[in-house]
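Please read the structure below before turning to the comments.
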Amino acid sequence: MRNNEREKESEGKCFLCDSIFSNKGNMNKHLQKAHGVDNRSSVRLLKCPLCEQDCTTCSNLCEHISIVHNVAMKKECKDFDSLQEFKIWKRNVEKEDLSFFVVQRVVGNKTYYACHRSGSSRKEAGMILTNNEGQVTVEFRRTHVGHALNMKFLHLSKEERDELAGRIKSGVTFERILDDIRKSASTAESVNRFHAVDKRDLHNIVRDYDLDRDIVHTNDAFSTEIWVQEQILLMRFARDMMFERTIRMMKNKPTYRMEQIAHSHHQSVHIEDSKITNINTHTWLVQSATSDKSPYSVTINNTENCIGCPLACPNCHVCVHQFTCTCIDYKIKGNFCKHVHACIRVSNKKFEISIDEDRETSAFDEHNRNVVEGVQINSVHPNESVSISTRFTALLNAAVGVANTATD
């Protein structure tokens, strides 16, 4: 028993630093990470892409290809002052060779890159980056064996995808983006992967960057541009709404809300008094005329009357804020529903609208009141016409100011 325990202990003990591990697998991981030693018994073999010969290391594979198949294996060594400088060089090399190198693994201060078309069993082309406190050294095996260098297998770089995502988020159409890309190709020799972008690539970017969910881009420059465009659209919307209000005042047209109040008041006449049940002084139940579902509940709100509220019914002497109803017309659409008008009609309670004495009633507000009451307007009083003219001029000046700001 003791001999077996000693054998197990020796199997889980590091021969370089005497660290002890519970099993051989953990010890092999320790050797690889701490000491850079691959002590695994089952090493993954690298296959030659030309003859399927198995090799244990990348150097053995490159030597085999060079000697047996007479292929010149180019190898370069580069030094860089920073990691950013290396990335720029790597990007240029990938464009020249129509290739793309991805990170395979990281061991200590070494990062291993492999061609994205090499697969897991072929590592003839690749890079080994060593980072010593900012000083970067790269061993580059440049020769690709076993596959052609074709542009159709390349991916767009992160910088190119960021640029396209920013333009899409800014509202530029796919057709305009593709047209600009085509124009940027001056000669046939200058065509690269970026010039081969099509609508499928743009749709993939929309998906990957969540642009269809209106999420601002993580790049600050793109986010600022997007925010500016959104503010311009909001200012244009405000300008259009102010002009619409100005035109309504000029043509003496009622607002949509006032028309809805008038319509609901006329519809309330068709609700029979027998369908209204008075629960208490503040609550009524109104049976629906179109279905047998539960009756609607109309309640008086515990708030004071709105002073000079324009959304008021002159016949009922209440505004839309004084009552609450459980019907869809009130809850969802926010309209002064017919059930409230009917409850006020059958109630003995007197309602009065509080009018602000300091607030002048314009001809436009007077017209809204006449629309609710069903009165035809023939003319406007001269004094009121002066008031509306003054308000019209002020509102028009404000609208023009917003329009000028939105177009700057």
Side-chain angles (χ1 to χ4, degrees), residues 80 82-106 111-120 125-127 129 131 136 138 144 147 149-188 190-240 405-408:
F80 303 96
S82 65
L83 192 60
Q84 184 64 27
E85 184 179 344
F86 159 74
K87 291 181 179 180
I88 296 174
W89 170 82
K90 175 176 173 289
R91 194 181 310 125
N92 293 332
V93 169
E94 291 171 339
K95 288 182 179 180
E96 292 175 6
D97 295 352
L98 298 179
S99 60
F100 186 69
F101 292 92
V102 296
V103 176
Q104 180 188 13
R105 69 181 188 276
V106 178
T111 304
Y112 295 83
Y113 292 85
C115 175
H116 76 295
R117 295 192 61 202
S118 294
S120 59
M127 303 177 184
L129 180 147
N131 190 349
V136 178
V138 177
H144 297 258
H147 62 83
L149 298 176
N150 198 319
M151 188 172 61
K152 68 179 181 179
F153 296 108
L154 297 181
H155 303 293
L156 290 171
S157 66
K158 184 180 184 303
E159 292 76 12
E160 292 170 340
R161 289 169 62 84
D162 287 345
E163 178 185 349
L164 294 175
R167 299 195 66 187
I168 295 172
K169 186 64 177 179
S170 300
V172 183
T173 61
F174 283 6
E175 289 75 14
R176 175 64 183 276
I177 294 175
L178 295 176
D179 184 61
D180 292 342
I181 292 175
R182 305 297 182 262
K183 289 180 180 178
S184 64
S186 56
T187 61
S190 64
V191 174
N192 54 41
R193 174 63 181 89
F194 185 71
H195 298 106
V197 170
D198 55 14
K199 286 189 175 181
R200 181 183 294 274
D201 294 320
L202 298 180
H203 282 295
N204 290 339
I205 291 175
V206 171
R207 177 201 62 200
D208 297 339
Y209 283 72
D210 289 331
L211 299 182
D212 53 345
R213 301 183 186 179
D214 198 25
I215 297 178
V216 178
H217 199 273
T218 55
N219 186 288
D220 291 339
F222 292 152
S223 299
T224 302
E225 182 180 357
I226 293 165
W227 179 84
V228 171
Q229 295 295 331
E230 291 176 348
Q231 297 305 310
I232 292 176
L233 292 176
L234 289 175
M235 295 180 69
R236 289 177 179 173
F237 175 76
R239 174 201 63 187
D240 295 340
T405 305
T407 55
D408 286 343

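When a residue number appears, it is its place in the shown sequence, counting from 1. None of these values were measured; they are calculated from a predicted model. Basis for what follows: all heavy atoms, side chains included, without hydrogens, waters or symmetry-related copies.
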State plainly whether the residues Asp162 and Lys158 are in salt-bridge range, i.e. N to O under 4.0 Å. yes

Side chains of Val206 and Leu202 in contact at under 4.5 Å (non-hydrogen atoms): no

Say whether, by atom type as modelled, one donor and one acceptor occur between the side chain of His195 and the main chain of Asn192 under 3.5 angstrom. yes

Distance (rounded to the nearest 0.5 Å) between Leu234 CG and Phe237 CZ: 8.5 Å

Which heavy-atom pair separates Arg161 from Ile205 by the least distance, and what is that distance? NH1-CG1, 4.0 Å

Do the side chains of Glu159 and Arg91 get close enough for a salt bridge, i.e. N-O under 4.0 angstrom? yes

As an exercise, state the distance from NE2 of His155 to CZ of Arg193, rounded to the nearest 0.5 Å. 9.0 Å

Do Ile177 and Val197 make a side-chain contact, defined as non-hydrogen atoms from C-beta onward lying under 4.5 Å apart? no

How long is the straight-line distance from CD of Gln104 back to CE of Met127, given to the nearest 0.5 Å? 13.0 Å

Within-4.5 Å side-chain heavy-atom neighbours: Val136 and Glu85: no

Nearest heavy atoms of Tyr113 and Leu129, plus distance in Å: CE1-CB, 4.2 Å

Take Asp240 and Arg236, measure what salt bridge (charged side-chain N to carboxylate O under 4.0 Å, His left out) needs, and give me the verdict at the end. CA-CA 6 Å; Asp240 295 340; Arg236 289 177 179 173; over 6 Å; no

When you check the gap from the basic side-chain N to the acidic O, do Lys90 and Glu94 get nearer than 4.0 Å? yes

Roughly how far, to the nearest 0.5 Å, is CD1 of Ile168 from CZ of Arg176? 14.0 Å

Please work out whether the ring planes of Phe80 and Phe86 are parallel, tilted or perpendicular, with thresholds of 30° and 60°. perpendicular

Mind checking whether Gln229 and Lys169 have side chains closer than 4.5 Å, heavy atoms only? no

Crowding at CZ, Arg182 (>12 non-hydrogen neighbours, <6.0 Å): yes

Heavy-atom check, side chain of Val103 versus side chain of Tyr112, under 4.5 Å: no

Does the side chain of Lys183 reach to within under 4.5 Å of the side chain of Asp179, using non-hydrogen atoms? yes

Aromatic ring centroids of Phe100 and His144 under 6.0 Å? no

Within-4.5 Å side-chain heavy-atom neighbours: Val138 and Trp89: yes

Do Leu164 and Asp201 come close enough that some side-chain heavy atom pair is under 4.5 Å? no

